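What follows is a short report on a single structure.
It should be emphasised that the depicted structure is a prediction, and the values quoted were computed from it without experimental measurement. Whatever order the structure lists ligands and atoms in, that order sets their numbers, starting from 1.
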Amino acid sequence: MTKELVFSGVQPTGNLHLGNYLGAIVNFVKLQNTHHCIYCVVDLHAITVWQDPAELMRNIREVTAAFIASGIDPKKHIVFNQSQVAEHAELAWVFNCVARLGWLNRMTQFKEKAGKDRENASVGLYAYPNLMAADILVYRATHVPVGEDQKQHLELSRDIAQKFNNDFADSIKAHGFAEKFFPQPEPLITGPATRVMSLRDGAKKMSKSDPSDYSRINLSDDADAIAQKVRKAKTDPEPLPSEEEGLKSRPEADNLVGIFAALSGKSKQDVLKEFGGGQFSGFKAALVDLSVHKLGPIGAEMKKLSQDSAYVDSILVDGANRARAIAAETMNAVKDIVGFIRKA
Ligand code: TYM
C-alpha cells in the first residue's frame, strides 16, 4: 500500500450502465490492490436534480450493491453514502467561498445539464463541482479514478486546492501544517473505455438519462436484454478494420471494439487482430457472449443484494463511520486555518 489515497464517487440516479462500469468501477476494483480506497455513493450530488425520495433510496442501495457485486471489498476499503458524512457539505461551503464564478461558468457539464432553461436550474447544480472538490479533498485524496467526462471537474478541484493553499498560506504555516495542505488530486482516466458511447449513436455518450434504453447496457440487465441491445447496436456497412487507425471516423465500430477490449482486458489492437476483416455479425455474437459472461454474475449478485437492504445499509453505516473519522480531522484543521472557533 502506498501513502496515496484513492477517492471516487458515483451518483445514485438510476440506470447504472456499462459506461459507469468500464469507465470507473472496473478501475475502482483494480486500485484496491495497490491503494487505500474510499468509494462514495454521492447522494448529495443526486439531488441537484429533483429525485423521487423512495427512488433515491433504492438507487443508493443499488449503487452500493453494484460496488460490492463488482468486487469492491467494503471491509478492507471504505464504501458509504455521502449524506452520512456532514463534512462533505461543510467543506463544500468553504469551497463555495474559494472558487470563482468565472471558473464555474466554464463547466460544460452544467451547460449540458441545465440546457436552455438555465434560470430554472438549481443553485446546487451550478455549485456541484465545488461539492465534488470537497468530496475528494476532505480526505486529502491524491488519486481519483473517473471516466473522461469528469476531467474538467477534476481540474477545478485542483484549482480550488491550490487557491485555498495560497489564500491561507500564512495561517497554514502558523498552525504548523504542511505548505501544501490540500494535495493536487490526480485524475486516473485509464483503460480502453474511458468514454463509452451510446449504442444507438456513436457521437453521444452512454448516459443514464438517455430516453432510449437501447442506448445503454444497464448493470441490472439480464442475458436476454444484453443480447438484444448488442444485436441492435448501430454499426456501419464496412467490415471491421485490422488496424486501430481504421477505427478513426467510425465512431460506432470504435465504441464496440473499445467495449470488447475493456471487458476482455485486451487492447483494441488485439481485438482487431482477432476480428479485423470480419463482419459485425460474428463480432457482435462474440460480444454478446463476453458481455453476458462478464456482466451476468454482477447483475445476479446485485439482485441478491437488493433483497437484503439491512445488510447493504449496515455497510454504508460502517463505511460512513470510518470516513467521518478522516473527514472530521481535515475539517477541524480547515476551521483552524480559516479562523473559526471550535470546541477543542
Ligand atoms: P456519474 O455518477 O455520472 O458517473 C460515475 C462514473 O462513471 C463515469 N462515466 C463514464 N465513463 C465512461 N463512459 C461513459 N459513458 C460514462 N458515463 C459515466 C464517470 O466519469 C464517473 O467516473 N460527478 C461524478 C460523481 C462524483 C465524483 C466525486 C467523482 C461526485 N463527487 C468525486 C469523483 C470524485 C458523476 O456525476 O459521476
Salt-bridge present (K205, E148; N to O < 4.0 Å): no

Consider only side-chain N and O atoms of Q152 and T108, and report whether a donor and an acceptor are under 3.5 Å apart. yes

So does D213 pair up with K229, basic N to acidic O under 4.0 Å? yes

Only heavy atoms of K205, strictly under 4.0 Å: list the atoms of ligand 1 that pass. 15 (N)

S8, G147, A141, A133: member with heavy atom nearest to atom 22 (O) of ligand 1: G147

Pick one of side chain, backbone, both or neither for how H45 approaches ligand 1, counting any non-hydrogen atom pair under 4.0 Å. side chain

Cationic N near anionic O, under 4.0 Å, D254 to R250: no

Say whether Q11, considering both its backbone and side-chain N or O atoms, lies within less than 3.5 Å of an N or O atom on ligand 1. yes

Determine the interplanar angle of the F7 and H88 rings, folded into 0 to 90°, and report it as parallel if under 30°, tilted if 30 to 60°, perpendicular if over 60°. tilted

Under 3.5 Å, is there a donor-acceptor pair linking the side chains of N105 and Y126? yes

Among non-hydrogen protein atoms, atom 25 (C) of ligand 1 lies closest to G9 O, 3.5 Å

heavy-atom search around atom 17 (N) of ligand 1 in the protein gives H17 CE1, 3.6 Å

Output the list of atoms in ligand 1 that are nearer than 4.0 Å to some heavy atom of R195, sorted by atom number. 12 (C), 13 (N)

Value for CD1 (I259) from CG (L290), rounded to nearest 0.5 Å, stands at 10.5 Å

Assess, by modelled atom type and distance only, whether the side chains of Q162 and D159 contain a donor and an acceptor separated by less than 3.5 Å. no

Structural part of L154 in contact with ligand 1, heavy atom criterion under 4.0 angstrom: neither

Would you call R195 and D149 a salt bridge, using N to O less than 4.0 angstrom? no

Just let me know how V196 lines up against ligand 1, side chain, backbone, both or neither, with a heavy-atom cut-off below 4.0 Å. both

Show the atoms of ligand 1 that are less than 4.0 angstrom away from any heavy atom in G23. 11 (N), 12 (C)

Taking only heavy atoms of K208, which atoms of ligand 1 are found under 4.0 Å from at least one of them? 2 (O)

Closest non-hydrogen protein atom to atom 28 (C) of ligand 1, residue and atom name please, with distance? M132 CG, 3.3 Å

Do Q150 and ligand 1 have an N or O pair less than 3.5 Å apart? yes

Give the residue and atom name of whichever protein heavy atom lies nearest to atom 12 (C) of ligand 1, and the separation in Å to one decimal. T194 O, 3.2 Å

Starting from atom 10 (C) of ligand 1, which protein heavy atom do you reach first, and at what distance in Å? G19 O, 3.4 Å

Any idea which atoms of ligand 1 are less than 4.0 Å away from a heavy-atom of A24? 6 (C), 7 (O), 22 (O)

Using a distance-only test with no angle check, is there a side-chain donor-acceptor pair under 3.5 angstrom linking E4 and H35? yes

Aromatic rings F181 and F164: how do their planes relate, parallel, tilted or perpendicular, breaks at 30° and 60°? tilted

With a 4.5 Å cut-off on side-chain heavy-atom distances among I, L, V, M, F, W and Y, is there a chain of contacts connecting F67 to V317? no

Which one holds for V144 and ligand 1: side chain close, backbone close, both close, or neither close, with close meaning a heavy atom under 4.0 Å? side chain

Ligand 1 versus D135: contacting region, heavy-atom distance under 4.0 Å: side chain

In ligand 1, the atoms that come under 4.0 Å of a heavy atom of F7 are 32 (C), 34 (C)

Among all the protein's non-hydrogen atoms, which is closest to atom 20 (O) of ligand 1, and how far away is it? D149 OD1, 2.4 Å

Which protein heavy atom lies closest to atom 23 (N) of ligand 1, and at what distance to 0.1 Å? Y128 OH, 2.6 Å

What protein heavy atom sits nearest atom 5 (C) of ligand 1, and how far off is it? N20 ND2, 3.5 Å

Check for a donor-acceptor pair, side chain of Q184 on one end and backbone N or O of R158 on the other, with a separation under 3.5 Å. yes

